[in-house]
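Reviewing the structure listed below.
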Amino acid sequence: MKVVKTKHITSAKPVSVIDCFVDSGFLQGAGGSLPDVDVDYQSDRRQEVKEYIERRYNHDGKQRVFSAGTFTTLKVKAVIKDVARTMRINPSLVNYLTALFDDDKCDYTGIFKLAAENKKIAKFIHDYPMLFEDIRTLMFQPRSSSVHASALLVTPDELDGEDAECFDFVPIKKVDNILVSEDDGYSLDELGLLKNDCLATKELSKLHETFDLVKEHYGVDVSLEGIVSGDMDDERVYELLRQGYTQNVFQFSSKGITKFLVDMRPTCIHDLIAANALYRPATLDCGSAEKYVDCKIGNVAPTYLWGTYNALKDTYGEVCYQEQITQIAREVGGFSLGDGVKLVKFISKKKKDKILAMKDKFMDGAKKNGCPKEDADKIWEIFEVSGSYSFNKSHATAYAATAYAGAWLKAHYPTAFYTVALQWADDKELVPIMSEMEACSNAKVVAPDINISADKFYTDYETNEIFWSLSSIKMLGAKAVDWIIKERNKNGDFTSIVNFIERVFKYKLKKYQYWDDPDNEEEATRCPIDARHVRNLILAGCFDHIEHADSVVERYAILEKAAHTLGFQINEKEYPANLIGKHYFWSQQQIKVSGLGAIDYKRIYDNAEIKSEIRGRASYCSLKDIADPDKDGKKVAISATVVEVEEKKFTSKKTGDVETFCKLTLQQNNDMGELVVWPEEYKNARPKLIDAKNKLIVCMATVKYSDYAGQNNLQLTRHNLIEVL
């Protein structure tokens, strides 16, 4: 880091400050090395940072910047497989048995503990005792070396008063033209070298991309620094988070933490900081997260032990951060800031002898300051419990500030926010993002248009319409999309499906026999578009506008025009006569090739054969409406697409038998839900449901609140009224 400017400020009034001297508190390890420097950068600009560091420190022809090496060690699965291979043991048997081991938890002793519980592993050990004798000395030994993903090191300019390079400090090798240390990061720490982890975070790239769109289309110059340097008290931001609209918000988009935020009802940045620190396995298990929520919403009054109010007033008496332990140790136990930092480090590392020495010092200081012994004992107990999992507040604050900036963009510029969110999203993230977008903004995703859509999501900021990208259509690679856009830019908009085909196949219009006919080598080189691309573009809805198709069923006529122009007949098996007039069939085809499509599920239910059986017993309900708490216990009729079928087993507490139940993941356009079929019902329903994936289902179900999911789900009724289309 380079200081480019300093400013001297004086004050006529005395300013009280706390002890800021940490001495050697941050040093770690036997050699007293400094901790790593971790800095997050935009994922698309990390390479620029690396190049800057190399330019900055590789001066005067000296090489001082290099990457840290890493070693892959032989864990239980790998070492058993490697040794078994040399002994020519059946690989299928080895793969089956190693699947039972957990690499992260199992050491050599753990193998035999597991064998005591599992007869198959015990038999394997009995059959091949030499294998387990051989792996004893091999486990956790280095297997291969590689380059650390982010760690860069800069060596000093001098060593013992003479100019030095990185080669003078540590053995260096060259891997793919990159200088890499022969030692790993831990060894480099012991040598006293400072490791800089230049971490790539895609969230920062997404934020900056959104800032650019806001400036381009709204004329407003916003930045991360501008947002987080304010009071961060925008009520619209916290209202979004309280309602659970957290999709694509950094750190807050998972189901679990979304529910936690809804329960917490955050009202200020301190709540978001606490959420980052509290929503972790240890704090959830010990109840700290639940206690914070109870105090926050007023169910329970916070309590404070002697001298802890200043440190815990922002977290309702709960220890959330390492800095709070340090502050309490200083204010109650008379520790210096440096000793407080050491205390946190000793507790987290479970160094019992050093913790005990610190305890005596704390108790003496607490007594001297007037703290009752009973409170001092309770405070120390809290230290030992929370110190092992407490989070760094500065880290949590940085995460919370980044999350606030994303939520602020969602609240004020939702169209730009969701444009970027969709562009970066994985396939599984698209539906939740689109569902939320419909619920909390005026932005909407529309089908691709051959004259508007591009390789990325294109947004009309006047209408807030986000056009589906051409590159999101199956089989359309970068070359095909680029070919279409170049032709459109050069010769103007396409006027019809025939005009499109004649222009993109301008070198030679081949007469195809069917959609998947191969191209000859010369044609493929010249034109990357083939008949399958044309079919998928039609099914995705790209030609609806220029062909004046008012309904999805009219896409069949467009297909007929394309087939005639390309020279072949449409296969009736692919487009059955009894389905080409069904709107849902064409919507399913659109979803299949593009991931986007809208099915009228109410219309499907109205035309279903079992509607007459359901009538009078239950009323039709959408998956979105099922989330209403008032629906709990009511019977409803559902029409949806089955996107996943999972059979699961459990041991019945009543009979001791292993029973099978089924979970179906349902989808209604941008809404998702879950249907649970318990064993008794599943025995009869299994023939219909086992192959129901990607099919439409109409059934009667009961709405039940799930403690596990934290929301309402569906359970199949005993009458098994099901129709699979």
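Keep in mind it's a predicted model, so treat the numbers as computed, not measured.
- Although no hydrogens or angles enter the test, the distance criterion places a donor-acceptor pair under 3.5 Å between the side chain of Thr258 and the main chain of Phe252.
- Listed here is the closest heavy atom pair of Leu666 and Ala640: CB-CB, 3.9 Å.
- No donor-acceptor pair under 3.5 Å is formed between the side chain of Glu318 and the backbone N or O of Tyr292.
- Residues Phe500 and Leu537 form a side-chain contact, since some pair of their non-hydrogen atoms from C-beta on lies under 4.5 Å apart.
- Under a 3.5 Å cut-off, the side chain of Thr201 and the backbone N or O of Glu203 do not form any donor-acceptor pair.
- In terms of modelled atom types and a separation under 3.5 Å, the side chain of Ser469 and the main chain of Ala454 share no donor-acceptor contact.
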Evaluation steps, side-chain contact (heavy atoms from CB on, under 4.5 Å), between Arg555 and Asp544: CA-CA 7 Å; Arg555 289 174 188 162; Asp544 288 359; 2.7 Å; yes
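- Remark: Glu572 CD is loosely packed, at most 12 non-hydrogen atoms of other residues, nucleotides or ligands lying under 6.0 Å away.
- In this structure, Lys456 places its NZ atom where only 12 or fewer heavy-atom neighbours from other residues, nucleotides or ligands lie under 6.0 Å away.
- Between Leu539 and Gln590 the shortest side-chain heavy-atom distance does not fall below 4.5 Å.
- At a cut-off of 3.5 Å, with distance as the only test, a side-chain donor of Thr459 or Thr419 sits close to an acceptor on the other residue.
- Between the side chain of Asp449 and the backbone N or O of Asn451, at least one donor-acceptor pair lies under 3.5 Å.
- Here Trp586 and Tyr575 bring their ring centres to under 6.0 angstrom of each other.
- Of all the heavy atoms in Phe417 and Gly406, the pair that sits closest is CE1-O, 3.3 Å.
- Counting non-hydrogen atoms of neighbouring residues, nucleotides and ligands closer than 6.0 angstrom, the NE2 atom of His270 reaches no more than 12 such neighbours.
- When each of Trp408, Tyr404, Tyr399 is paired with Phe250, the ring-ring contact (aromatic ring centres under 6.0 Å, His included) condition holds for Tyr399 and for no other.
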Worked verdict on Leu278 versus Phe391 for side-chain contact (heavy atoms from CB on, under 4.5 Å): CA-CA 8 Å; Leu278 288 170; Phe391 203 66; over 6 Å; no
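- Residues Val642 and Leu696 are not in side-chain contact: their nearest non-hydrogen atoms beyond the backbone lie 4.5 Å or more apart.
- When ring centroids are compared, Tyr418 and Phe457 stay outside the 6.0 Å threshold.
- Arg603 forms no cation-pi arrangement with Tyr584, by the criterion of a distance under 6.0 Å to the ring centre and an angle within 45° of the ring axis.
- In this structure the side chain of Ile690 reaches within 4.5 angstrom of the side chain of Glu647, judged on heavy atoms.
- Counting non-hydrogen atoms of other residues, nucleotides and ligands closer than 6.0 Å to OH of Tyr218 gives a total above 12.
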CA sep, side-chain torsions, deciding dist, call: Lys693, Val643, side-chain contact (heavy atoms from CB on, under 4.5 Å): CA-CA 5 Å; Lys693 185 175 180 179; Val643 295; over 6 Å; no
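- Side-chain contact annotation: Trp678 with Glu659, donor-acceptor N/O pair under 3.5 Å absent.
- In Asp285, the CG atom is crowded: over 12 heavy atoms of neighbouring residues, nucleotides or ligands sit closer than 6.0 Å.
- Using a 4.0 Å cut-off between charged nitrogen and carboxylate oxygen, Glu644 and Lys663 do not count as a salt-bridge pair.
- Residues Ser435 and Asp671 bring a donor and an acceptor atom of their side chains to less than 3.5 Å of each other.
- Closest approach of Leu272 to Pro266, counting heavy atoms only: CD2-CB, 3.9 Å.
- With hydrogens and angles left out, the side-chain atoms of Thr641 and Tyr601 include a donor and acceptor closer than 3.5 Å.
- In this structure, Ile484 and Ile450 have side chains that are in contact, with non-hydrogen atoms separated by less than 4.5 Å.
- Thr463 and Glu465 are linked by a side-chain donor-acceptor pair at a separation below 3.5 angstrom, with hydrogens and angles left out of the test.
- The backbone N or O of Leu623 lies less than 3.5 Å from a partner atom in the side chain of Gln668, making a donor-acceptor pair.
- Heavy atoms only, all atoms of each residue included: Ala396 and Asn276 are closest at O-ND2, 3.8 Å.
- For CD of Gln423, the number of neighbouring non-hydrogen atoms (other residues, nucleotides, ligands) closer than 6.0 Å is greater than 12.
- Tyr316 and Lys291 share no donor-acceptor pair across their side chains, judged by distance under 3.5 Å alone.
- Contact record, Gly244 with Glu436: O-OE1, 4.1 Å, taken as the closest heavy-atom pair.
- Proximity of a side-chain donor or acceptor of Ser594 to a complementary backbone N or O of Ile591 within less than 3.5 Å is not detected.
- Side-chain contact check for Thr246 and Ser253: no donor-acceptor pair (N or O, by modelled atom type) lies under 3.5 Å.
- Annotation: Lys255, atom NZ; neighbour count of heavy atoms from other residues, nucleotides and ligands within 6.0 Å does not exceed 12.
- Here the side chain of Asn712 pairs a donor or acceptor atom with the backbone of Ile626 at under 3.5 angstrom.
- Considering every non-hydrogen atom in both Gln247 and Ile433, the closest pair reads OE1-CG1, 4.0 Å.
- Counting heavy atoms from C-beta on, the side chains of Leu470 and Ile473 come closer than 4.5 Å.
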Candidate pair Thr660 and Lys649, rule side-chain hydrogen bond (donor to acceptor under 3.5 Å, both in side chains), full reasoning: CA-CA 4 Å; Thr660 303; Lys649 298 182 182 295; 3.0 Å; yes
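- Considering only heavy atoms from C-beta on, Lys206 comes within 4.5 Å of Asn248 through its side chain.
- The shortest side-chain heavy-atom distance between Leu409 and Phe211 falls under the 4.5 Å cut-off.
- In this structure, Phe661 has its ring center at least 6.0 angstrom away from the ring center of Tyr682.
- Counted by atom type alone, Asn95 and Ser92 present zero donor-acceptor pairs between their side chains at under 3.5 Å.
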